[in-house]
Amino acid sequence: MFRMEGFISLDSGRLLHMYDPNENPGLLQDVLNACSDLLFLVRFPSGEIIQVNEEAGRSLGICPGEIPLFSWEEITDFPLETLAGGDTFRIRLRGGSGQKVEAKAFARKSRTDESLLLVKAQDLPDPAIGSTDTEKALKTHQILLHSLLNSIDNAVLALDRDFRVIYFNKEYLRLYPFGRKFMNRRPHMKEIISRACEIGIYPEEQREELTARRFDHLRDAGEHGLFKIPRQDGIVVEGFATKLPMEGYLITYRDITEQKRSEKRSREAYSALEMANDRLNGIIEGTHDPIAAMDMSYRFLAFNSAYRVHLNRHFQIRPRLGETLSQVFSSRPEDLQAAMDTWSQALNGETFTRIWHRADEEGRTFHYEVSFNPIWDEKGEQIGASHILRDISERQRNEDALRQALQETAAAKDRIDAILKSVVDGLMVMDNESRIILMNRASEELLGFRFVEAVGRFLEDCLQDTDLKEKLSTTLLQSNPSQQVDFLLPTADPENPRTIQARTSVMLSREEKKTGTIIILQDVTRAREIERMKTEFVSMAAHELRTPLTSIRGYSELLLNRDFFGDFPPEQQQEFLREIQDKTEVLTRIIEDMLNISRIESGQCIPLEMREFRMDELIRKIVGHYRMQHPAYRFDLELAARGDGPVCADRHKVLQVLENLLSNAVKYSPAGGQVRISGHATPTCYEVAVEDEGIGMTPEQVERIYDKFYRADFSTTAYGGLGLGMSIVKNIIQSHGGQIEVWSRPHQGTKVFFSIPLGRDGFC
């Protein structure tokens, strides 16, 4: 059974119906050619054949693309009254050279033009040489061979011994779009290469060199027949020439462009991985902080030069990779147990930080902040631990100097006040009973009360915020000499409180007795916001990258492990490959967005490739794509009826802007919602508007829409993305010298308007 809705339907040898070919003659011809029966489109009652399919053309000796020379000479038993029933009748066809052939046929009238008949013929003999069993078998083999060669992915070209074309398949015309009419003239190989140079496949100045090289390939066919054919349109073709038994040549071509691109990407990825490893090793080795890693058997896996210097300075030992902790500290048994106790905590899965003090042989005291962290494998099992020592001697000396300065407050109060006022962070000094004795202006602004009002009073009596009062009081009661705590400080905007970090330090007298406490208040709101954004960005990036990677991996396993999953039909394999390609494009867009943001952060403009194109055609193309991809939404397109003139811009970047805006409109609109797209040219620019009926945004959200990593609703993960799209869109529009505006209201939808100048002025 063969079926093509809207044009032709054949079932069990019966012609069911046919539609008007004038609606789309090209598509009708393709439909006719796809049918294995012999089909004629005939004018009735004149008998003029106006169109035949390839099968009928071969039977009548008509070359592809030629006008049929046969006409309908005679009809017998023609069921004119019962034509709708599809009865059988006999026809006689007369060719241009006078030959006559007879056939048994079925017919059906067109619904829109009753003068058109579609005839399906059977038992049609060869008009020139007659029909024999041998000839029928030969024709069957030729048809099978032709179908086979047209179904393979390789392009096929056959030449006779004089280097003229005797055969080509459809893939050849796709790879070399010379046109069937040109190829049917049986051009010489020289003409083919000349034609390729004329349409820009090969450089014109290399015509003679390419011709000579191609003849060398043909003469060496069978021995050195494999050759690569680089083209200036970016496509890379691999050809293989063999000699035919009838003194001709057969050349098969294979498009290896994607293969070369994949090989290049693989080389680049491997090079990037090696570079990243070298960079990481260089960073670890080049850092001034001592770093070491140990496995679960207390064996050193790695350490840098600073760590070797550290052990040699304080323990006079020189470690080696692969040695255990006991072997490294074999000459220092008095320090081994302390080292074992500390490392055992980390190897038991604990993460902790300690302050460590040590004096070298010259009497210099060093202070270290030592951090220990477990190391886990991908299964979540601990495989070791690492630690890093940060020399805080300078910081410790600064704190000691500060305490000493505070002890001299009674003798030099004015000088201390000046110093306190110059400190950017908030600073408070309290006695042993938590009464305020000093306070700088930054502390007054942070806590909301004046020093003159608070001096001599207890700190908790001056604080109004309950949370702040509890946290600071708890911190002051701790016995540890140094504490650190974060708290939220209310502001005029209840939704955006400030984050303040309070660090306490104990003041000691010369007799090492506690004389008071210092509190340093630092506004870390921006730092915490950056940390939160980093965390959300890593989470979003991991989610966005993992989703397409999961699909790519799944379909790849299905295609690679055929012994386990079984073989799949070619159609399903193509579907798998298309899905892999689609997900690869998603990954490419994510990576391109991240690279564009990196360029923007470094102060660079996104590079533009300026050329003229029709903006209305680009809009129609992208809207058509979204209509197919999202049938649940209504897309209304409003463009100038006659079309506008071309714009000079980067077509790919403008397409990226349209894709982002349409994607947001669909993403934040309910199913069945309407998306309106309009575009028109003004004397100076081309203006585009995209409007949806989605969830909309508040004025505060609209104000932050161009912020990097910002999404209008963080409370749900239903809307994917990295929050980079609108930031990149704005940069692209501004790089073109255009403008962009956003109007939105909650539950009333969003409208985005942008313009692209028609001229070149103002571009980056």
Side-chain angles (χ1 to χ4, degrees), residues 26 29-30 54 63-66 146 149-244 246-265 608-614 617-618 621 646 648 650-652:
Q29 184 64 56
D30 291 340
E54 290 181 353
C63 294
E66 289 184 356
H146 178 72
L149 292 177
N150 275 305
S151 65
I152 62 176
D153 294 334
N154 293 344
V156 177
L157 179 68
L159 307 173
D160 61 16
R161 63 181 179 181
D162 296 324
F163 304 106
R164 289 192 172 276
V165 175
I166 58 176
Y167 181 80
F168 58 91
N169 65 352
K170 291 181 179 179
E171 182 64 17
Y172 182 83
L173 287 181
R174 186 197 68 80
L175 202 56
Y176 294 94
F178 300 142
R180 189 177 293 276
K181 184 176 181 180
F182 172 79
M183 296 300 295
N184 285 338
R185 296 205 306 263
R186 298 188 61 201
H188 194 273
M189 178 54 72
K190 291 183 179 179
E191 297 179 72
I192 292 177
I193 294 177
S194 296
R195 180 67 172 170
C197 293
E198 290 174 2
I199 64 176
I201 294 179
Y202 302 132
E204 182 69 33
E205 63 272 11
Q206 296 182 12
R207 177 182 300 189
E208 295 184 3
E209 179 185 350
L210 290 171
T211 303
R213 193 186 310 164
R214 192 59 46 81
F215 282 122
D216 290 340
H217 293 153
L218 294 174
R219 295 188 187 95
D220 295 339
E223 298 179 3
H224 307 287
L226 185 64
F227 54 92
K228 287 185 174 59
I229 312 171
R231 301 167 26 153
Q232 63 180 10
D233 57 2
I235 298 176
V236 181
V237 177
E238 183 178 75
F240 185 79
T242 57
K243 293 183 179 179
L244 297 174
M246 68 290 294
E247 296 184 353
Y249 303 92
L250 179 69
I251 309 176
T252 57
Y253 301 89
R254 186 163 64 97
D255 187 348
I256 60 173
T257 308
E258 189 57 35
Q259 173 185 334
K260 291 298 182 182
R261 291 174 181 168
S262 298
E263 292 174 355
K264 181 180 179 181
R265 287 194 294 267
L608 302 177
E609 296 181 4
M610 310 300 294
R611 60 188 180 90
E612 289 189 348
F613 65 92
R614 291 285 297 273
E617 294 178 356
L618 183 64
K621 179 179 179 180
C648 185
D650 187 319
R651 187 179 186 276
H652 175 72

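It should be emphasised that the depicted structure is a prediction, and the values quoted were computed from it without experimental measurement.
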Test item: [X] and [Y] side chains (from C-beta on) under 4.5 Å apart, heavy atoms:
X: L157; Y: I192; result: yes
X: K264; Y: K260; result: no
X: M610; Y: R651; result: no
X: I201; Y: Q232; result: no
X: R231; Y: V236; result: no
X: R254; Y: D153; result: no

Determine the interplanar angle of the Y253 and Y176 rings, folded into 0 to 90°, and report it as parallel if under 30°, tilted if 30 to 60°, perpendicular if over 60°.
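Geometry flag for Y176 against Y253: perpendicular rings.
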
Would you call D650-R611 a salt bridge at under 4.0 Å N-O?
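No, no charged N to carboxylate O under 4.0 Å.
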
Salt-bridge present (E191, R164; N to O < 4.0 Å)
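Salt bridge flag = yes for R164 with E191.
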
Approximate separation, where rounding is to 0.5 Å, of [X] [atom1] and [Y] [atom2]:
X: I251; Y: T242; atom1: CD1; atom2: OG1; result: 8.5 Å
X: S194; Y: I199; atom1: OG; atom2: CD1; result: 11.5 Å
X: R614; Y: K621; atom1: CZ; atom2: NZ; result: 15.0 Å
X: M183; Y: R185; atom1: CE; atom2: CZ; result: 10.5 Å
X: I235; Y: L175; atom1: CD1; atom2: CG; result: 6.5 Å
X: I256; Y: E238; atom1: CD1; atom2: CD; result: 4.5 Å

If you look at every heavy atom in [X] and [Y], which pair is closest and at what distance?
X: L218; Y: Y249; result: O-CE2, 3.4 Å
X: P203; Y: C197; result: O-SG, 3.6 Å
X: L250; Y: A158; result: CD1-CB, 4.1 Å

Does one side chain, of T211 or R214, offer a donor that lies under 3.5 Å from an acceptor on the other?
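Side chains of T211 and R214: no pair found under 3.5 Å.
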
Atom CD of E205: over 12 foreign heavy atoms under 6.0 Å:
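Counting neighbours around CD of E205, more than 12 heavy atoms of other residues, nucleotides or ligands fall under 6.0 Å, so yes.
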
Near E609 CD, under 6.0 Å, is it more than 12 heavy atoms from other residues, nucleotides or ligands?
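Not more than 12 within 6.0 Å, no.
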
Is the backbone of [Y] close enough, under 3.5 Å, to the side chain of [X] for a donor and an acceptor to pair up by distance?
X: H188; Y: V165; result: no
X: R161; Y: G248; result: no
X: E171; Y: V156; result: no

Are F168 and F178 near enough that their ring centres are under 6.0 Å apart?
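Judged by ring-centre distance (under 6.0 Å), F168 and F178 do not meet the cut-off.
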
For E209, the option from R207, Q206, R213 that meets side chain to side chain donor-acceptor pair (under 3.5 Å)
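Testing E209 for a side chain to side chain donor-acceptor pair (under 3.5 Å) against R207, Q206, R213 leaves exactly one candidate, R213.
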
